[in-house]
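Each remark here refers to the structure printed beneath this line.
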2 protein chains.
Amino acid sequence: MKPSPLITALQASGHRITRQRRVVLEVLEESQEHLDAESLYQKARQRAPRISLATVYRTVAVLKQMGLIAEYSLGEEHGHFETVPETPHYHFTCIGCGQVVEFDTPQVAVAIQELAEREGLEICTVQFSLTGYCACCRAGRGR
Amino acid sequence: MKPSPLITALQASGHRITRQRRVVLEVLEESQEHLDAESLYQKARQRAPRISLATVYRTVAVLKQMGLIAEYSLGEEHGHFETVPETPHYHFTCIGCGQVVEFDTPQVAVAIQELAEREGLEICTVQFSLTGYCACCRAGRGR
DNA sequence: TTGTAAATGAGAATCACTTGCAATTATAGC
DNA sequence: GCTATAATTGCAAGTGATTCTCATTTACAA
């Protein structure tokens, strides 16, 4: 009986609240990681065993389109999802250990803003992510 | 008999200079567009009719790994390639007309640099691209 | 010229995701 | 609470981009 903001928003927009959507949303809200479709599927199955991967994809598509979650490409070939944070941030993924570091660079937001104004652009999506080696892995690599 | 810098670099690193590699390189060097694998393949076929798509992929993989070309995801589901420019730049792709606008934002480079130093990171790849509507398409859309 | 390891072509395979369709189910109205 | 019905689901087949397998070809050092 927890009135999750995501559930409420989904409902308000005229979507039906099904068991599988509720579960996917719960997993997304509880997880602090950046889950990809497959791990989202695995976690969701624990609560709704008959859920299908297609439903996971369909659910994140709806949530993404509503702006409730964001999709990132973290250097891998598939996408990762996260509930939208209050403050926008970007991601660094360590090639060595897989760790994801979130960072906020106001300068980037400013740069985008200036570019949009200068060129008369309307920006819809921003994709900004870095990969490399974190401090730990650099130390371990001997350089 | 033109000693293309890319050919020279390829050779210097111990790779064999085959007809198909030469052709792919030529197409990449001559084109000012951001070609995807398929159009690279189509253009290459005009000079080496029996070249296969697999070879195109293998060739760009080698070039990319050597840092001679860069791959970008321009809002589409597949990659686009470009010979590495002297000055780094990023891309804006118009959802309306498909036009790609290159832009340079020193602020972004600075932000990345500062982040790397602050967190002790070694940055290997930077993915930064925008999508939205260009001035023309915005006008045409009536907003 | 020749030996041999690298590279290629053709097509099968993979990976991430999407779609078609029949069966289920949430929910508005009675 | 029932019922009708349109949204949603599960499954399996389909896609699109890219990679891999393997037999054949080829670059190039000797």
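Every heavy atom of this structure was used, including side-chain atoms; hydrogens, water molecules and symmetry mates were not. Residue numbers start from 1 in every chain, and the chains themselves are labelled A, B, ... in the order their sequence lines are given, proteins ahead of strands.
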Students should find that the end-to-end axis angle of the helix from dT1(C)-dA30(D) to dC30(C)-dG1(D), with five pairs defining each axis and rounding to 10 degrees, is 40°
The first and last nucleotides of DNA chain C lying within contact of chain A, meaning any atom under 4.0 Å from one of its heavy atoms, run from dA16(C) to dT27(C)
For salt bridge (charged side-chain N to carboxylate O under 4.0 Å, His left out), just list the numbers for R47(B) and E30(B), CA-CA rounded to whole Å, side-chain angles, deciding distance to a tenth of an Å, and then say yes or no.
CA-CA 13 Å; R47(B) 307 190 197 174; E30(B) 291 169 13; 2.6 Å; yes
Would you check if there is a donor-acceptor pair between the side chains of Q20(A) and T59(A) at a distance under 3.5 Å?
no
Sorted by chain and number, sequence neighbours left out, side chain to side chain donor-acceptor pair (under 3.5 Å) with E117(B) holds for Q113(B)
Regarding H89(B) and D104(B), is there a side-chain donor-to-acceptor distance under 3.5 Å anywhere?
no
Sequence neighbours left out, what pairs pass ring-ring contact (aromatic ring centres under 6.0 Å, His included) with at least one residue falling in residues 4-60 of chain A?
H34(A)-H91(A)
Kindly say whether V101(B) contributes a backbone atom to a donor-acceptor pair with the side chain of T93(B) at under 3.5 angstrom?
no
Can T125(A) and T131(B) be counted as having a side-chain donor-acceptor contact under 3.5 angstrom?
yes
Between P on dG10(D) and CZ on R50(A), what's the gap in Å once rounded to a whole number?
7 Å
Protein-nucleotide distance (Y41(B), atom OH; dT18(D), atom P), rounded to Å:
14 Å
Partners of E82(A) by salt bridge (Lys or Arg N to Asp or Glu O under 4.0 Å), sequence neighbours excluded?
none
Evaluate salt bridge (charged side-chain N to carboxylate O under 4.0 Å, His left out) for R19(A) paired with E26(A), printing each intermediate quantity in order.
CA-CA 11 Å; R19(A) 167 143 192 66; E26(A) 283 172 9; over 6 Å; no
Within the 3.5 Å criterion, strictly below it, is a donor on E29(A) or T83(A) matched to an acceptor on the partner's side chain?
no
How does each nucleotide of nucleotides 19-30 of chain D score, in 5' to 3' order, for protein heavy atoms under 4.0 Å: base (B), sugar-phosphate only (S), or none (-)?
BBB----BBS--
E38(B) CD to dA17(D) P, in whole Å, measures 8 Å
